[in-house]
Amino acid sequence: MYQPLGVHRLIYRTRIASYVKAGLIDYAVKVFEEMTLSECRVFGIDYNRFIGVLIRHSRLDLAHHYYSKMAPLGFSLSSFTYSRFISGLCQTKEFMFIEKLLNDMDRLHCVPDIWAFNIYLNLLFRENREESALEVFGRMVERGREPDVVTFTIIIDGLCKMKKFDAAVQFWRNMLDKGIRPDNKACGALAVGLCDGGQVDLAYELVIGVISGGLSEVSTLVYNALISGFCRAGGIDKALAIVSFMSRTGCKPDLVTYNVLLNYCCNEFMFEEAVKLLKKMECSATEPDVYSYNQLLKAFCKANHPDKAYQFMVTKMVPKGFCDVVSYNTIIKAFLQY
DNA sequence: TTAGGGTTAG
């Protein structure tokens, strides 16, 4: 009986769609394969849709396979599918193939979307391929894809981790010049990054600059990074000033804020302040944790009072279940040195 | 459907 090929094609498509809907990708693959071997023409759109499905289901090898089959037929993917393909390949770190897809897109004059670029940039920095990352950034700008706050955050974070602070700050300024408002994550990347590298004053200047300029609102984490940075650099006054500043902006100190300050007091033999802080915590909604108690334990030991430390441990820490390997190591070391 | 992870101890 005569049946036009269009009907066959429709049947194939329907079968594939129902298998995909049911999550039976292997069956869908079989039908697609059958379709390509049959007499009906398989169009670019069929490859596009099916490769899209394979990418969504993380079947990247198969997606690769069909991509190489479709190219000689003169078919190409849609810009959307190319972008999803690149994003997917970032999970499997297939750099060579990503580059091939980028070049293919160039030839077709289509540009990956912002997600594909950001995901790729992030991968390159995670793999310490800073030079390639900056090249990709240049390529992105050249092709007219405007970087956004996520792009800049990835770059700033990556550069700080590589200790390239000047370059990171340049990108921060570049972002502001473009009128992009740094959000909490962007401020976090810069604050944490610069403080880790000992550039606390610079971190403070840049981050507080955008907050007091009304450009950004940040979370406790960002303030904590700065507070901790100043405590480590011996700038307790600045640290305390940030604590009152954050409270004024409606951002309450949390457990980490208290612990950072406790840590400072205990290292600097400011025993009374430490006890006061601990009591304040015990009375507040922010109850101390094992970290907090370990700070006090350390303070007793540093003051050459392992006996008092032991008392503190037995009466205050053990009943609350707040003793860990750090507590025991601290006290054992103290008794050995006593 | 699609992304940025990062603050405190011995």
Side-chain angles (χ1 to χ4, degrees), chain A residues 52-53 55-58 80-91 112-126 133 147-161 171 175 180 182-196 200 203 207 218-232 239 242 246 251 253-267 274 277 281 286 288-302 309 313 322-334 336-337:
Chain A
V53 165
I55 295 165
R56 241 187 354 260
H57 287 83
S58 305
F80 180 88
T81 309
Y82 266 119
S83 295
R84 297 290 67 73
F85 209 167
I86 291 171
S87 307
L89 290 168
C90 285
Q91 284 177 7
D113 64 20
I114 189 75
W115 290 284
F117 269 125
N118 285 348
I119 292 167
Y120 187 33
L121 270 179
N122 190 41
L123 171 68
L124 290 170
F125 273 113
R126 272 203 331 255
D148 65 2
V149 66
V150 178
T151 319
F152 280 103
T153 307
I154 291 165
I155 296 176
I156 291 166
D157 180 60
L159 289 173
C160 283
K161 287 203 173 91
F171 273 99
M175 171 175 71
I180 298 173
D183 62 7
N184 183 47
K185 287 194 173 187
C187 293
L190 187 79
V192 171
L194 290 183
C195 288
D196 268 353
V200 200
V207 173
V218 300
S219 70
T220 318
L221 188 136
V222 177
Y223 290 115
N224 285 346
L226 293 171
I227 294 166
S228 153
F230 277 119
C231 282
R232 267 183 314 212
I242 297 172
M246 68 192 271
C251 197
D254 65 2
L255 180 61
V256 175
T257 320
Y258 282 114
N259 282 346
V260 167
L261 294 173
L262 261 181
N263 176 244
Y264 176 83
C265 293
C266 293
N267 281 340
L277 257 177
M281 290 172 81
T286 316
D289 66 354
V290 62
Y291 185 106
S292 330
Y293 286 104
N294 278 342
Q295 296 306 310
L296 263 289
L297 197 69
K298 179 181 69 182
F300 281 119
C301 295
K302 274 179 90 110
M313 191 175 178
F322 279 161
C323 271
D324 64 4
V325 62
V326 176
S327 331
Y328 287 107
N329 281 345
T330 307
I331 206 154
I332 290 168
K333 201 173 149 204
L336 288 174
Q337 287 173 347

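Note on naming: letters A, B, ... go to the chains in the order of the sequence lines (proteins, then strands), and numbering restarts at 1 for each one. Every value quoted in this text rests on a predicted model; they were computed, and no experiment measured them.
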Just to be sure I understand the rule, does A/Asp148 reach a base, reach only the sugar-phosphate, or reach nothing, if contact means heavy atoms closer than 4.0 Å? base
Separation of B/dT7 P from A/Asp289 CG (nearest whole Å): 15 Å
Closest non-hydrogen atom pair between A/Cys266 and A/Lys298, with its separation: CB-CE, 4.2 Å
Separation of B/dG5 P from A/Asn118 CG (nearest whole Å): 11 Å
Can you tell which of B/dA3, B/dG6, B/dT1 lies closest to the side chain of A/Lys185? B/dG6
Return the value, rounded to whole Å, for the distance between atom CZ of A/Phe152 and atom P of B/dG5. 16 Å
Send over the distance from A/Ile155 CD1 to B/dG5 P, rounded to a whole Å. 13 Å
Expected list for residues 223-232 of chain A near DNA chain B, using heavy atoms below 4.0 Å, is A/Asn224, A/Ser228, A/Arg232
So, under a plain 3.5 Å distance rule, would you say the side chain of A/Arg56 forms a donor-acceptor pair with the base of B/dT1? no
From A/Met313 CE over to A/Ser327 OG, what is the distance, rounded to the nearest 0.5 angstrom? 5.0 Å
Counting the atoms with a prime plus P, OP1 and OP2 as sugar-phosphate, which does A/Phe80 contact under 4.0 Å by heavy atoms, base, sugar-phosphate, or nothing? base
Considering residues at least two apart in sequence or located in another chain, which fulfil the salt bridge (charged side-chain N to carboxylate O under 4.0 Å, His left out) criterion with A/Lys161? A/Asp157
Looking at B/dA9, I'd like to know if its phosphate oxygens (OP1 or OP2) sit under 4.0 Å from a side-chain N or O belonging to A/Asn263. yes
Mind checking salt bridge (charged side-chain N to carboxylate O under 4.0 Å, His left out) for A/Asp183 and listing every partner two or more places apart, or none if nothing turns up? none
Beyond-backbone contact of A/Met175 with A/Pro182, side-chain heavy atoms, under 4.5 angstrom: yes
Base, sugar-phosphate, or nothing: which does A/Asn184 touch, judged by heavy atoms less than 4.0 Å apart? base
Measure NZ/A/Lys302 against P/B/dA9 and give the value in whole Å, please. 12 Å
Would you mind telling me which of A/Asn224, A/Thr220, A/Asn259 makes a side-chain hydrogen bond (donor to acceptor under 3.5 Å, both in side chains) with A/Asp254? A/Asn224
Nearest whole Å is fine: how far is B/dG6 C1' from A/Ile154 CD1? 14 Å
Over all strands shown, is A/Asn267 touching base, sugar-phosphate only, or nothing at heavy-atom distances under 4.0 angstrom? nothing
Per A/Gln295 side chain, nearest of listed nucleotides B/dA9, B/dT2, B/dG5: B/dA9
Can you find a donor-acceptor pair, distance only, under 3.5 Å between A/Asp183 side chain and B/dG4 base? yes
Less than 4.5 Å apart, side chain to side chain, heavy atoms only: is that true for A/Val260 and A/Val256? yes
Spacing between A/Asp113 atom CG and B/dG4 atom P, to the nearest angstrom: 14 Å
For A/Val256, which contact category applies under a 4.0 Å heavy-atom criterion: base, sugar-phosphate, or nothing? base
Within the 4.5 Å heavy-atom criterion, are A/Ile86 and A/Phe117 side-chain neighbours or not? no
Between CG of A/Leu121 and C1' of B/dT2 the distance, given in whole Å, is 16 Å
What's A/Val325 touching, base or sugar-phosphate or nothing? Going by heavy atoms closer than 4.0 Å. base
